[in-house]
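Below is one structure, written out as structure tokens; comments come after it.
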Amino acid sequence: MALPATERRLLDVLAGSGPDPAAVPASARDCLDRAYEAAYAEDNHGAMLLAQMGLDQAGGNETDVVLALYSVMIAVAQIQGDQDKAEAYLQERIATLRRTGRTLQAGVEADLGTVLFREAAEPELPVLEAALEELVADKAGPGVIADVKLAVAVALSQQGARPRALELLEQAVDGYAAGDRTDSMAGALMYLAHTYLQADHPRRAIAAADRLLSLPANRALAASMWLLKANLASTGEHVGDAIEYALTALELYAACGVRKGAVSAAVVVAQLCAAAGDDESSVLAWRAAVQQAERGEVREESTLRLALGNQLLEAEEYELAVAVLGKLLQRQRLAAAPPSEVARTLMSLGHAHRHAERTAEALDNWRQAVAAFSRADEFGEAARSLLAIGTLLSREDRDADAIVCFEAAVAAARKETEDAAVLPQALHALGHALCEAGDPDGITQLDEAIRLARDYGAHWYEADYSDTRARGLWALDHGPAAVSAALQAADLYSAADDAASAGNAELFAAHILSELGRPADAVPMYRMVLDQPGISRMLLVAANLGLAAALESLGRKNEAKQARQAAEEAAEE
């Protein structure tokens, strides 16, 4: 059976090795494109070698290519901190300009120096702006003016002056177009697209990206535009387009060895595929992200491996998740990774073991995570880890051990200063467990959880904790108080726009009334549940069965029969 296109393309990326450093570019133009791509990949040495190779291959009619090669060398030399080399390459570029009759441009570059080939510092901006005014007044050629406009625009954009920067970038693009300088135009369009994005003009950003993609730009530049388009199309009905754009960006970045860009694109593909329910493609994309990070020695490799493991969990590939996360844990320990990073891996590994029904391994991983989070002073995460342990112990009918964990979770949560949600969650778990064990102190814990939720404005959680309080009161044999608490929870759920949970709380109140031997009070409560609009089938069945039992005990057999029949009909739908 043929693989879906997305999976096939991701497998091709995983099978590819990127650019072959031994492959000799066929022409000076190819050298220029490869030099640009090497620079984007932060391979400064490679960029210099390719640029020099291009100069060696250039013919007498390739002046624009020669000038662009010198531009790369000047820029890279400055990145390397070798200003003397940058100045030397600039002088050779100026000599080429003069030799080919471009004396005005040569004069401008001689006056302004290497600042035209990097981001200008703030003190340099007035000099550039003065030069720009003079060139405009002298009606210099559009390409010459565009160079200075681009330099000014980039500096202004970095300083946050985006409206003026956008105006100058638009003019620079037009100037390069008029001067027939395609390479320079592509670079200006890249800046323009990203500046539009920063200024919250998505449609203009896309238009600039599309204009760049219509030009013969190098692969790294094209990939950046595809990724920009992917990020802008990642919501609504355009998710399919966004996956296509991001996948194209990934293929281009990977092919030219721009590893950081490839990682970014692969992460976007992974997230979009997961959101679209395509777990297989999402896993492959995370694998591609990890692979590209490894090849580029990207610092976030550990984070990407964790994301891959978590995506395997989402895809229910539990044994694969154990393998990926176990290997990551070994790497982290060998590299003496920060305790919090190790702890997150341990938590995910524990979830993988739990799903694979290896309870002992899951508990062991999570206990280690608690210790690691505590060493890192991440008490909120330590509390959540303890809650996970306690919940699993409860499912294993180890209730006393679970309570010990929930008490420890509350103690850890009280040390947390930033994560406000974790303390009420821990109190809720402890309160529920204590009530189920017959300890009235559980109500005290739940009351504190409810108060905190109310103080934080977390209305649904206030309702949920109140519902647990009602069930706790019933477990402690406080029937009338449990009815009152359940009805209060129902009101809170309704105020939080959760009609289904409100109905369940009312059903619980009716059930308690029946158990207390008060069927006459239970009947109107059951009917109130059944009168709710949009009631779920499960609730419809349960409420009708409860109503039937209450009516039966009151001797209203015909009505009971009707309610039982309604329950059967709802169950068969």
Side-chain angles (χ1 to χ4, degrees), residues 29 32-33 36 62-72 74-75 90 93-94 96-98 100-120 124-159 161-199 201 204-218 221-222 224-225 228:
R29 174 76 241 184
L32 176 60
D33 286 338
Y36 274 132
E62 293 184 282
T63 302
D64 287 340
V65 172
V66 169
L67 292 170
L69 288 164
Y70 278 127
S71 295
V72 171
I74 296 165
L90 176 61
R93 179 181 153 90
I94 290 170
T96 303
L97 286 167
R98 286 184 172 140
T100 54
R102 305 183 192 187
T103 53
L104 177 58
Q105 188 171 352
V108 170
E109 294 186 13
D111 289 341
L112 294 176
T114 57
V115 69
L116 289 174
F117 303 89
R118 58 173 166 78
E119 185 183 310
E124 295 169 318
L125 189 54
V127 176
L128 287 170
E129 289 180 315
L132 178 57
E133 286 182 19
E134 187 176 337
L135 288 168
V136 170
D138 292 345
K139 296 183 180 179
V144 179
I145 294 176
D147 283 339
V148 184
K149 282 184 175 178
L150 178 61
V152 173
V154 171
L156 288 173
S157 180
Q158 293 301 317
Q159 293 176 20
R162 292 203 182 97
R164 175 64 176 149
L166 282 170
E167 181 184 354
L168 288 169
L169 283 168
E170 289 165 352
Q171 292 171 6
V173 168
D174 291 342
Y176 287 133
D180 196 25
R181 288 176 53 184
T182 304
D183 285 326
S184 299
M185 181 181 171
L189 280 167
M190 181 195 70
Y191 278 114
L192 180 59
H194 284 294
T195 308
Y196 275 140
L197 193 61
Q198 292 165 357
H201 296 309
R204 292 180 183 178
I206 290 171
D210 285 339
R211 191 173 174 189
L212 192 159
L213 290 169
S214 70
L215 301 174
N218 65 77
L221 207 53
S224 72
M225 294 298 95
L228 179 147

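- Taking OG1 from Thr103 and CG from Leu97, the interatomic distance works out to 9.5 Å, rounded to the nearest 0.5 Å.
- Contact detail for Ala193 and Ala209: the closest heavy-atom pair is CB-N, 4.2 Å.
- Note that CG of Leu212 and OG of Ser224 are 6.5 Å apart. Values are rounded to the nearest 0.5 Å.
- The shortest non-hydrogen separation linking Val173 to Ala188 is CG2-CB, 3.8 Å.
- In this structure, Leu104 and Ala140 approach most closely via the heavy-atom pair CD2-CB, 3.4 Å.
- For the pair Leu192 and Leu166, the minimum side-chain heavy-atom distance is below 4.5 Å.
- Asp33 pairs by the side-chain contact (heavy atoms from CB on, under 4.5 Å) definition with Arg29, Asn218, not counting sequence neighbours.
- The minimum heavy-atom distance linking Gly179 with Pro142 is given by the pair N-CG, 4.2 Å.
- With values rounded to the nearest 0.5 angstrom, Leu90 atom CG is found 4.5 Å from Ile74 atom CD1.
- Residues that satisfy the side-chain contact (heavy atoms from CB on, under 4.5 Å) test with Thr63, not counting sequence neighbours, are Leu67, Thr96, Thr100, Arg102.
- Minimum heavy-atom separation, Ala120 to Leu128: CB-CD1, 3.6 Å.
- The shortest side-chain heavy-atom distance between Val136 and Leu132 falls under the 4.5 Å cut-off.
- Annotation: salt bridge (Lys or Arg N to Asp or Glu O under 4.0 Å) contacts of Glu109 (sequence neighbours excluded): Arg93.
- Every pair passing side chain to side chain donor-acceptor pair (under 3.5 Å) that includes a residue from residues 110-120 is listed here, sequence neighbours excluded: Gln78-Thr114, Gln78-Arg118, Gln83-Thr114, Arg118-Glu124.
- Applying the side chain to side chain donor-acceptor pair (under 3.5 Å) test to residues at least two apart or on different chains, the pairs with a partner in residues 141-151 are Gln105-Asp147, Asp147-Tyr176, Asp147-Arg181, Lys149-Gln171.
- In terms of the side-chain contact (heavy atoms from CB on, under 4.5 Å) criterion, residue partners of Glu134 (sequence neighbours excluded) are, by chain and number, Asp138.
- Of the listed residues (Leu221, Thr195, Leu228), just one forms a side-chain contact (heavy atoms from CB on, under 4.5 Å) with Met190, and that residue is Leu221.
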Kindly indicate, with the supporting measurements, whether the criterion side-chain contact (heavy atoms from CB on, under 4.5 Å) is fulfilled by Leu189 and Met225.
CA-CA 10 Å; Leu189 280 167; Met225 294 298 95; over 6 Å; no
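- Here the side chains of Asp183 and Asp64 are not in contact, with every heavy-atom distance at 4.5 Å or above.
- Here the shortest heavy-atom pairing between Phe117 and Ser71 reads CE2-OG, 3.5 Å.
- In this structure Asp180 satisfies the salt bridge (Lys or Arg N to Asp or Glu O under 4.0 Å) test with no other residue, sequence neighbours excluded.
- Distance check: His201 NE2 to Ile206 CD1 gives 13.5 Å after rounding to the nearest 0.5 Å.
- Remark: Ala161 engages Leu156 in a side-chain contact (heavy atoms from CB on, under 4.5 Å) (not counting sequence neighbours).
- Scanning for side chain to side chain donor-acceptor pair (under 3.5 Å) contacts around Glu133 gives an empty result, with sequence neighbours left out.
- Every residue meeting the side chain to side chain donor-acceptor pair (under 3.5 Å) condition with Tyr70, not counting sequence neighbours, appears here in chain and number order: Glu92.
- Residue pairs that meet the side chain to side chain donor-acceptor pair (under 3.5 Å) test with at least one member in residues 204-213, sequence neighbours left out, are Asp210-Lys229.
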Residue pair Val115, Val127: steps toward the side-chain contact (heavy atoms from CB on, under 4.5 Å) verdict:
CA-CA 10 Å; Val115 69; Val127 176; over 6 Å; no
